[in-house]
Amino acid sequence: MLDLVDTLKLRFEEALKSAYGNGSDSYEVAISPASNPQFGDYQTNLALTLSKQLKQPPRAIAEAVIGKVDLKDICEKPEIAGPGFINLKVATSYWEEKINAIKSDPRLGIAKAKHPRKVIVELSSPNMAKEMHVGHVRTTIIGDCLARVYEFAGHDVTRLNHVGDWGTQFGMLVAYLREVCPDALTKPDAISLGDLVSFYRQAKKRFDADAEFQNISRQEVVKLQGGDPDTLRAWKYLLEQSRHEAQIVYDLLDVHNLIERGESFYNEQLPEVVRDLQKAGLCVEDQGAKCVFLEGYKNEQGGPLPLIIQKSDGGYNYATSDLAALRYRVTVERAEEILYVVAADQADHLGPVYQVARRAGWVPDNVRIEHVQFGVVQGEDGKKLKTRAGETIRLKDLLQEGMDRARAELESRLAQEGRTESEEYKQQMARAIGIGAVKYFDLSLNRITNYVFNFDKMLSLSGNTAPYMMYAYVRIRGIERKGEIDFSKLPASAKVILGEPVELDLAKQLLAFDEMIETVTRDLLPNRICEYLFELSQKFNQFYEKAQVLSAPEPVRTSRLILCHLTAEAIKTGLSLLGISVLEKM
RNA sequence: GCGCCCGUAGCUCAGUGGAUAGAGCCCCCGCCUUCUAAGCGGGUUGUCGUUGGUUCGAAUCCAACCGGGCGCGCCA
C-alpha cells in the first residue's frame, strides 16, 4: 500500500503546516507499519521526532496534529499512545475498496516502473577452467532472484555472466594439455569436463612447484592474448566443454537469459583503460608496475595501497579487466544500475575498482553501483564447505541430492496415503520441491551472513520453507478443483467482503505486495520476499481453517473465492521471483 | 599487524533509531464424518558478545575490547 502511505504522509504534512505554520514545510513525516497489530495498521512518530525542534512535549504536538489532520475517508480516529505515538487503524471499508480494485489484476495492482532503468546484474561468473561448485550457488540464485524482481518492477535487466575465461589459469591449462593430452586441444570432444577438472588440478600443482612450467604457461597467456590461432582454438574447445556442463546446472536451477561475457571480452580494451587512467592523472609507476593509489586504504605498513592495473611484465590482471568491464557497462551500455552479486570476500577488490572508476570520471553520479555481497556457505565445522575428503562439492551433485531426497520423501508419502501419480508428475514434483528447497533456504537467509549448509534443515518440510508456500498454493488449487471453479471466470460484478478477521488479515497482506517489492529493490535482500510469502501463507492457512469457502452462502462464497484467487496469484508470483515453481498437487 | 563482515531463545535465523525484542525448528497439550493435518490453536525459552559514549529513546549509531568468518602489492 505505497499509495496509502504516501497519502497519509501528505495529510500529516498538511496538518503540521496548518498547526505550526511556515517552517514546517521542511518537516518530513515518516509513516511506518504499526510495531504491533494491537496498535492498528500504521503509526507515525512525528511528535517524538519534532519535539525538540518545536519546543513542545510530544503528546502536545500529537494532540495538535490530530486536531488538524483529515483522515475520515481512510481511518478510524487516530489515537495517541505512550510517549506520543500516533496510531492509525485503517477502516475495513477502505481495505475492501482497495482489494476490490485489484481483484482481477494478476500483478496485484502493482504498476510497472514509470521510468524504467537499465540494470545490469553481474552474477554466477564461474571459472571456466573448473566445474561449478557449491560456491557458485549463492551468486547464481541471488543474482537471478534480483534480476527477476527488477524485471517484475518493469526495468530493463541484463544478466551478465562475467566468466573467468582468460589469464594465467588458461595459459597454465593449455600448456599442461599440450604436454599430456594434445588431442584435447585439437578435437572438440577428446576429454570430458571431469577430466578437465583433474587436469586443472594437476596443472595448478605443477605451476606452483615448477618455475620452468610457469614460464611456459605465461608464454601461452601471451599467445592467447596476442591471438595465436592454435592456442585460441584450444582455448575455444576448453570453453565449449565447460559451457556445456554449466548449462546443465543453469537448466536445473531454472536460470535463463544469461549473457556470457567473460574477461576475454575486455582484452582489447585493457590498454585503453590504462591510457584513460594515465590521462586522468591517476596512474603512477611503482616498482615497475602501473598503479593507482587508493584513498582510504592502507597497506600492511600503514603506507599507501595501490590498485595494480598493469604488471611489471606488461601483463594485466583482473583489476584491469574489472575496470574495463565497469567502464564498458557505464559508457557503452549506459547502465544506470549495476549490481555485482559477488561474495563478501571480494569487498577489498571491488571497493577499489569502484573508487578508481569514479575518480576516473567514468561513472555519472546518478548511476548506482552496488556490491551485493553474501557470506560463505560453511560446513558443520564452520569452515568453507568441503566434502569429508576435503574436496569441493560439485553444484550438480548437490542439486541432484536435493532432488533425490525430495523424491524419496514423496514416494513414501504417496505410498502412505495410497495415492498414485504419473512418473512424469513425480519427477516434476521432486524437482520443484528438491531444487526449490535448496534455493529457498539460501534466499530466506540474510545474504550478508554466513550460513551452515545442512541438507536436513534445507529439505525439512515444515516452517519457513519452499514446501510450506507450495502447499498453501496446492490447497487453493484444491478448492478450485473440488468446486469445479475457474478462478479466472469469476463474475466481474462480484465483490470482496471482509467480514471475518482472517479475511481482513489476508487482504491486508495481499495489499502489502508492492511494499515488499520496493523494499527488495532498495535493500537488495531476497529474504524479504521469503518473509512476505511466509506471512502470506500463514495468513492463508489461518483463513483456510476458519473460513470455509465452498460451503459458504453467497455472496460470501464468491468473495472468498476471489481472495483465494488473489492469494494463489501472489504466492505464484512471489515464488517465481525466487525462481521457484508451483505445483497443482503435492 | 591492517581491513571488511558477523555475534539476538537450546538450535537455525528475522528485526539496523521508537512501545512489552520476534519467527521457525525442538519439546508438551489440543484439533481430521467438512475445500490435501506438508495444516491450525495453545504452552515453555533471552545479561540482544562485553564495557563505555551519543540520544527524549539504542539490539540498531559511535569507540574500545572479546569471540568467529573472510581477505590483505603484481593469481583470478
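Computed from a prediction, not measured in an experiment: that's the story for all the values here. Below, each value reflects all heavy atoms present in this structure, side chains not excepted, and no hydrogens, waters or symmetry copies.
Partners of A/Arg218 according to the salt bridge (Lys or Arg N to Asp or Glu O under 4.0 Å) rule, which considers only residues two or more places apart in sequence or in another chain, do not exist here. When the salt bridge (Lys or Arg N to Asp or Glu O under 4.0 Å) test is applied to A/Lys52, no partner is found at least two apart in sequence or on another chain. Applying the ring pair (Phe, Tyr, Trp, His ring centres under 6.0 Å) criterion to A/Phe453, with sequence neighbours excluded, gives A/Phe455. Among residues two or more places apart in sequence or in another chain, the ring pair (Phe, Tyr, Trp, His ring centres under 6.0 Å) test is passed with A/Tyr42 by none. For A/Asp208, the salt bridge (Lys or Arg N to Asp or Glu O under 4.0 Å) partners at least two apart in sequence or on another chain are A/Lys204. Listed by chain and number, the residues in a ring pair (Phe, Tyr, Trp, His ring centres under 6.0 Å) with A/Phe39 amount to none (sequence neighbours excluded).
Separating the P atom of B/rG30 from that of B/rC6 is a span of 44 Å, rounded to the nearest Å. As rounded to the nearest Å, B/rG18 and B/rC32 have P atoms that lie 43 Å from one another. Spacing of P atoms, B/rC40 relative to B/rU45, comes out at 23 Å, to the nearest Å. Annotation: B/rC56 and B/rC13 have their C1' atoms spaced 32 Å apart (nearest Å). Using C1' as the reference atom, B/rA19 and B/rU34 are 42 Å apart when rounded to the nearest Å. Using C1' as the reference atom, B/rG24 and B/rA14 are 10 Å apart when rounded to the nearest Å. Using atom C1' as the reference point in both B/rG15 and B/rU20, the two lie 16 Å apart (nearest Å). Taking atom C1' in both B/rG73 and B/rG1, the straight-line distance is 16 Å, to the nearest Å.
Nucleotide B/rG15 holds its P atom 11 Å from the CZ atom of A/Arg447, rounded to whole Å. Protein atom CZ of A/Phe534 is 16 Å distant from nucleotide atom P of B/rG22, rounded to whole Å. As a whole-Å value, the separation of A/Gln355 CD from B/rG3 P is 16 Å. Whole-Å rounding puts the A/Arg138 CZ to B/rC5 C1' distance at 12 Å. The distance between atom CG of A/Asn541 and atom P of B/rA23, rounded to the nearest whole Å, is 17 Å. One interatomic measurement links the two molecules: CG of A/Leu294 to C1' of B/rC2, which rounds to 14 Å at whole-angstrom precision. Put simply, CG on A/Leu525 is 14 Å from C1' on B/rC13, counting in whole angstrom units. At whole-Å resolution of the value, CD in A/Gln538 and P in B/rA14 are 17 Å apart.
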Item to check | Secondary structure string for RNA chain B (Watson-Crick or G-U under 3.5 angstrom, | for other-strand pairs) | outcome: (((((((..((((....[...)))).(((((.......))))).....(((((..]....))))))))))))....
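Contact annotation: A/Arg528 side-chain N/O to B/rA14 OP1/OP2 distance is not under 4.0 Å. Side-chain N/O atoms of A/Asn446 include one lying less than 4.0 angstrom from OP1 or OP2 on B/rG15. Contact annotation: A/Tyr468 reaches the phosphate of B/rC40 (side-chain N/O to OP1 or OP2, under 4.0 Å). Put simply, A/Thr465 has no side-chain N or O that comes within less than 4.0 Å of OP1 or OP2 on B/rC25.
Taking 3.5 Å as the limit, the base of B/rA76 and the side chain of A/Thr168 contain no donor-acceptor pair of atoms between them. Under 3.5 Å, the side chain of A/Gln43 and the base of B/rA19 form at least one donor-acceptor pair of N or O atoms. Side-chain atoms of A/Asn45 and base atoms of B/rA19 include no donor and acceptor less than 3.5 Å apart.
Using the six-membered ring where Trp is involved, A/Tyr266 and A/His162 have ring planes that are tilted, between 30° and 60° apart. Between A/Phe487 and A/His565, the two ring planes are tilted [angle within 30° to 60°].
For the 3.5 Å distance criterion, the side chains of A/Asp505 and A/Gln542 fail to qualify, holding no donor opposite an acceptor. A/Gln269 and A/Asn267 share no donor-acceptor pair across their side chains, judged by distance under 3.5 Å alone. In this structure, a donor-acceptor pair under 3.5 Å is absent between the side chains of A/Glu515 and A/Thr519. Judged purely by distance below 3.5 Å, without hydrogens or angles, the side chains of A/Asn317 and A/Thr320 pair a donor atom with an acceptor atom.
When heavy atoms are screened at a 4.0 angstrom cut-off, A/Cys564 is found touching no nucleic acid atom at all. Base contact: A/Ile308 has a heavy atom under 4.0 Å from a base atom.
Between A/Phe170 and A/Ala129, the closest heavy-atom pair is CZ-N, 3.7 Å.
Which of B/rA76, B/rG73, B/rU12 sits closest to the side chain of A/Pro306 comes down to B/rG73. Out of B/rC6, B/rU20, B/rA19, the shortest distance to the side chain of A/Gln38 is found at B/rU20. Nearest to the side chain of A/Ser35, among B/rA76, B/rA19, B/rC13, sits B/rA19.
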Checklist entry - After noting the C-alpha distance and the side-chain angles of A/Leu123 and A/Leu339, does the key distance pass the side-chain contact (heavy atoms from CB on, under 4.5 Å) rule? => result CA-CA 8 Å; A/Leu123 76 167; A/Leu339 310 180; over 6 Å; no
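For residues 430-442 of chain A, the pairs satisfying side-chain hydrogen bond (donor to acceptor under 3.5 Å, both in side chains) are A/Arg138-A/Asp442, A/Tyr440-A/Asn464, A/Asp442-A/Tyr451, with sequence neighbours left out.
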Protein and nucleotides 66-71 of chain B: nitrogen or oxygen contacts under 3.5 angstrom:
{"residue": "B/rG69", "atom": "OP1", "partner": "A/Lys383", "partner atom": "NZ", "Å": "3.2"}
{"residue": "B/rG69", "atom": "O2'", "partner": "A/Asn450", "partner atom": "ND2", "Å": "3.1"}

Pairs under 3.5 angstrom, nitrogen or oxygen only, protein versus nucleotides 54-62 of chain B, please.
{"residue": "B/rC56", "atom": "OP1", "partner": "A/Lys52", "partner atom": "NZ", "Å": "2.3"}

Interface polar pairs with nucleotides 28-35 of chain B, N/O, under 3.5 angstrom:
{"residue": "B/rC35", "atom": "O2'", "partner": "A/Ile479", "partner atom": "N", "Å": "3.3"}
{"residue": "B/rC35", "atom": "O2", "partner": "A/Leu550", "partner atom": "N", "Å": "3.3"}
{"residue": "B/rC35", "atom": "N3", "partner": "A/Val549", "partner atom": "N", "Å": "3.2"}
{"residue": "B/rC35", "atom": "N4", "partner": "A/Tyr544", "partner atom": "O", "Å": "2.4"}
{"residue": "B/rC35", "atom": "N4", "partner": "A/Ala547", "partner atom": "O", "Å": "3.3"}
{"residue": "B/rC35", "atom": "N4", "partner": "A/Gln548", "partner atom": "NE2", "Å": "3.4"}

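The residue among A/Tyr451 and A/Asn87 whose nearest nucleotide of RNA chain B lies closer to the 5′ end is A/Tyr451.
For an aromatic pair to be called close, the ring centres must be under 6.0 Å apart, and A/Phe265 with A/Tyr328 satisfies this.
In this structure, B/rC48 shows a glycosidic angle more than 90 degrees from zero, which is the anti conformation.
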Show every donor-acceptor pair shorter than 3.5 Å between a side-chain atom in residues 340-354 of chain A and any protein atom, with sequence neighbours excluded, or say none if there are none.
{"residue": "A/Tyr340", "atom": "OH", "partner": "A/Arg329", "partner atom": "NH1", "Å": "3.4"}
{"residue": "A/His349", "atom": "ND1", "partner": "A/Tyr318", "partner atom": "OH", "Å": "3.3"}
{"residue": "A/His349", "atom": "NE2", "partner": "A/Asp322", "partner atom": "OD2", "Å": "2.6"}

